[in-house]
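Scroll down for the structure; my scribbles are underneath it.
Proteins get letters first, then strands, A, B, ... in listed order; numbering begins at 1 in each. Below, each value reflects all heavy atoms present in this structure, side chains not excepted, and no hydrogens, waters or symmetry copies. All figures in this text were calculated on a predicted structure; none of them were measured in a lab.
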Amino acid sequence: MTEENTPENEQNEQQQAKIQAVRGMKDILPADHEYFTVVKKAVRHRCRQAGFRRISTPILENREVFERGIGDATDIVEKEMFCLESRSGKKLVMKPESTASIMRSYIENGMSSWSQPVKLYYIEPHFRYDRPQKGRYRQFWQFGFEVIGARDYSIDVQVILLSVKILEDLGIADRFELQINTIGTPEVRKAYEEALQNHFFGRERNLCEDCKRRLEKNPLRILDCKNEDCQILASVAPKFDDFLDQDSKDYYEKVKEFLDELGIKYNENKKLVRGLDYYSDTVFEFWDKNEGAQNAIGGGGRYDGLAEILGGQPTPSAGVAFGMERVISHLKEAGVQPPDKDKIHVYVACLGDLAKKKAVKILADLNDRGVHALGAMGKTSMKAQLRMADKFNVDWTIILGEVEVRENIFILRNMERGAQETFPLDDIVDKIVERVGEDNLDIYNIGE
RNA sequence: GCGACUGUAGCUCAGUUGGUUAGAGCGCCGGAUUGUGGCUCCGGAGGUCGUGGGUUCGAACCCCAUCAGUCGCCCCA
């Protein structure tokens with residue numbers, strides 16, 4: 001006997017190694033989807049009301065879209081992108097966010113010829129090669145909306161308002177604090193960045209490693225660094241307010257004025273600098289009141305310069321994005337219960353093959369009329385089938401045995417009371433619809 | 001990318017100073033007189049002790065590596 005043929009090895013061959021999900025990737029199970037559905041509906045509802053139309057961009061983009069759009073010194077581009085290469089050697093990336101993709105699409109599809117501004121919303125998966133943690137996955141969903149092709153503080157405010165409305169609809173608005181700031185126009189920012197660089201040049205040794213790197217490409221973010229030495233140096237750096245031009249100041253004042261008018265509370269945060277380069281003027285984030293900047297659930301702002309960076313005409317725009325998983329974890333913490341749309345109304349229990357044949361037809365007829373019905377799922381005994389009916393928490397169980405089939409009748413059992421009635425089999429669909437109630441039927445018509 | 005902690009059935013966890021066939025609760029499947037759920041009782045299935053090496057007469061337990069998760073940093077949704 002050779003070693004390969006021992007019983008032990010045969011067993012090993014049969015038992016395949018378990019395969020697990022890729023790091024940072026999570027299954028969305030039915031129970032999770034109930035929450036996703038709630039969020040998606042809230043988003044769609046509010047976006048449609050405000051005249052937004054849905055867009056989806058491909059998961060794969062050319063790497064340039066984000067290197068140029070987000071900025072190649074940002075953490076997202078430097079170390080958080082899922083990069084891959086096409087067979088012909090093209091540098092591709094799984095989109096880490098949607099704004100740059102949507103702007104690419106806007107330019108490519110000639111949306112500048114649509115009525116301006118173009119209002120778009122999205123609910124899409126995104127990918128970041130980051131270290132997984134709670135509320136931080138390598139594949140995660142974001143919803144967001146963009147108003148492309150107009151510069152008007154009322155737009156910035158409406159974007160914020162829409163965000164607040166969705167959070168209110170979901171019942172979690174009071175868990176967050178809106179942080180706002182202005183980072184000026186691209187021109188002002190550039191001048192300020194140069195002044196900052198001049199300030200920090202020669203004092204690099206006092207900066208942390210990250211900031212030394214930032215100094216070259218994105219000095220603005222040194223101000224946001226949490227390192228103590230960096231903060232000390234930053235505190236004596238040129239003040240942004242001295243560089244901010246009157247137009248941006250007025251713009252920012254108007255944003256605040258309009259927010260006040262709408263009764264939207266906010267916290268002015270001079271240190272708020274978003275991690276994506278394309279922002280200008282208004283920036284904002286929604287922070288967890290308990291955790292602060294940690295795991296912000298959403299953020300956005302104005303990005304007037306993005307279109308040009310991506311090779312389009314000057315196209316001032318503003319938008320916002322939210323993390324679905326983070327929103328959902330707040331829904332769960334807040335005890336928000338999603339409605340049970342998967343509720344089963346009727347279970348069909350059958351005995352014998354003839355009854356089973358009838359049951360399959362009855363199930364199809366009930367489904368057609370909008371009744372959520374289950375049955376004929378491999379259980380044979382009446383006990384097992386009723387137990388299953390109970391597991392699904394149905395209101396009614398149809399009992400169809402050999403006797404009933406022969407006599408062309410069926411038994412209808414009220415599961416809560418345990419009472420049973422007998423009816424002619426021919427009336428079964430109407431009878432069930434009557435008991436379930438027209439209002440509870442699940443009917444979908446295209447075009448309605 | 002850095003640091004710390006964790007990893008035993010589908011889930012939540014026991015598992016004594018390393019010592020024979022690894023346990024519980026819940027869940028799942030089935031039974032408790034002939035075709036009837038929930039409660040109760042009884043029974044059953046299900047575990048390469050994350051994975052791979054090493055130390056040892058002997059490892060779920062000790063060591064190393066690796067994978068995954070959680071927390072913190074960084075950053076963001």
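- Across all strands, A:Tyr137 comes closer than 4.0 Å to base atoms (heavy-atom distances).
- Atom CZ of A:Arg387 is separated from atom P of B:G37 by 8 Å (rounded to the nearest Å).
- Among the protein residues, A:Lys134 comes within range of the sugar-phosphate backbone only, with heavy atoms under 4.0 Å from sugar or phosphate atoms but none that close to a base.
- Within the 4.0 angstrom heavy-atom criterion, no nucleotide atom of any strand lies near A:Pro96.
- Side chains of A:Ser317 and A:Val118 form no contact here, defined as non-hydrogen atoms less than 4.5 Å apart.
- Between B:G53 and B:U16, the two P atoms lie 25 Å apart (nearest whole Å).
- Distance, A:Arg128 CZ to B:A77 C1': 6 Å, rounded to whole Å.
- Contacts of A:Val403 with the nucleic acid, taken as non-hydrogen atoms under 4.0 Å apart, include base atoms.
- Between B:C41 and B:C26, the distance separating the two P atoms is 9 Å to the nearest Å.
- Ring centroid separation for the pair A:Tyr252 and A:Tyr153 does not come in under the 6.0 Å cut-off.
- Nucleic acid contact for A:Gly352: none, since no nucleic acid atom lies under 4.0 Å from a heavy atom of the residue.
- The distance between atom CZ of A:Arg326 and atom C1' of B:C75, rounded to the nearest whole Å, is 10 Å.
- Nucleotides B:A60 and B:C74 have their P atoms positioned 41 Å apart, rounded to a whole Å.
- A:Arg326 places a side-chain N or O within 3.5 Å of a backbone atom of A:Gly135 that can act as its donor or acceptor partner.
- Taking CZ from A:Phe258 and CG from A:Leu161, the interatomic distance works out to 12.5 Å, rounded to the nearest 0.5 Å.
- Between the side chain of A:Gln385 and the base of B:G35 there is no donor-acceptor pair of N/O atoms closer than 3.5 Å.
- Counting distance only, with no hydrogens placed and no angle test, the side-chain atoms of A:Gln420 and the base atoms of B:U36 include a donor-acceptor pair under 3.5 Å.
- Side-chain atoms of A:Lys383 lie closest to B:A32 of the nucleotides B:A68, B:A32, B:G35.
- If you take atom C1' in B:G15 and the same atom in B:G37, they sit 37 Å apart, rounded to whole Å.
- Nearer to the 5' terminus of RNA chain B, by closest-nucleotide assignment, is the contact made by A:Ala21 (compared with the other of A:Ile76 and A:Ala21).
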Task: Intra- and interstrand pairs of RNA chain B - dot-bracket, Watson-Crick/G-U under 3.5 Å, | marks other strand - done: (((((((..((((.....[...)))).(((((.......))))).....(((((..]....))))))))))))....

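- Remark: the backbone N or O of A:Gly301 is not paired with any side-chain donor or acceptor of A:Thr282 at under 3.5 angstrom.
- Separation of atoms OG1 (A:Thr99) and OH (A:Tyr303) is listed at 5.0 Å; rounding is to 0.5 Å.
- Distances shorter than 4.0 Å separate some side-chain N or O of A:Arg23 from OP1 or OP2 on B:G69.
- For A:Tyr129 and A:Ser381, each mapped to the nucleotide of RNA chain B holding its nearest heavy atom, the one lying further toward the 5' end belongs to A:Tyr129.
- B:U17 and B:C75 are spaced 45 Å apart, taking the P atom of each and rounding to whole Å.
- Straight-line distance from the CG atom of A:Asn414 to the C1' atom of B:G37: 12 Å, rounded to whole Å.
- A gap of 45 Å separates the P atoms of B:G72 and B:C42, to the nearest Å.
- A:Arg131 places its CZ atom 16 Å from the P atom of B:C75, with the value rounded to the nearest Å.
- Note: CH2 (A:Trp396) to C1' (B:G38) measures 17 Å, nearest angstrom.
- With both ends at atom C1', the span from B:A77 to B:G38 equals 43 Å, rounded to whole Å.
- B:A9 and B:G50 are spaced 14 Å apart, taking the C1' atom of each and rounding to whole Å.
- Nucleic acid contact for A:Gly144: none, since no nucleic acid atom lies under 4.0 Å from a heavy atom of the residue.
- Annotation: side chain of A:Glu124 is not in contact with side chain of A:Gln142 (no heavy-atom distance under 4.5 Å).
- Residue contacts for A:Gln139: at a heavy-atom cut-off of 4.0 Å it reaches no nucleic acid atom on any strand shown.
- The interatomic distance linking A:Lys391 (NZ) with B:C39 (P) rounds to 8 Å, in whole Å.
- Here the side chains of A:Asn408 and A:Asp426 are in contact, with some heavy-atom distance below 4.5 Å.
- Residue pairs meeting the salt bridge (Lys or Arg N to Asp or Glu O under 4.0 Å) criterion with at least one partner in residues 35-62 of chain A, sequence neighbours excluded, are A:Arg46-A:Asp169, A:Glu61-A:Arg104.
- An aromatic stacking contact links A:Phe140 with the base of B:A77, defined here by ring centres under 5.5 Å apart and ring planes under 30° from parallel.
- Note on A:Lys379: only backbone sugar-phosphate atoms sit closer than 4.0 angstrom, heavy atoms only; bases stay farther off.
- For A:Ala384, counting side-chain heavy atoms from C-beta on, the closest listed nucleotide (B:A68, B:A77, B:G30) is B:G30.
- Residue A:Gly24 is classed as a sugar-phosphate contact, given heavy-atom separations below 4.0 Å to backbone atoms only.
- Backbone-only contact: A:Glu80 has heavy atoms under 4.0 Å from sugar-phosphate atoms and none from a base.
- The separation between A:Gln133 atom CD and B:C2 atom P is 14 Å, rounded to whole Å.
- Looking only at side-chain heavy atoms (C-beta outward), A:Ile160 and A:Phe284 come within less than 4.5 Å of each other.
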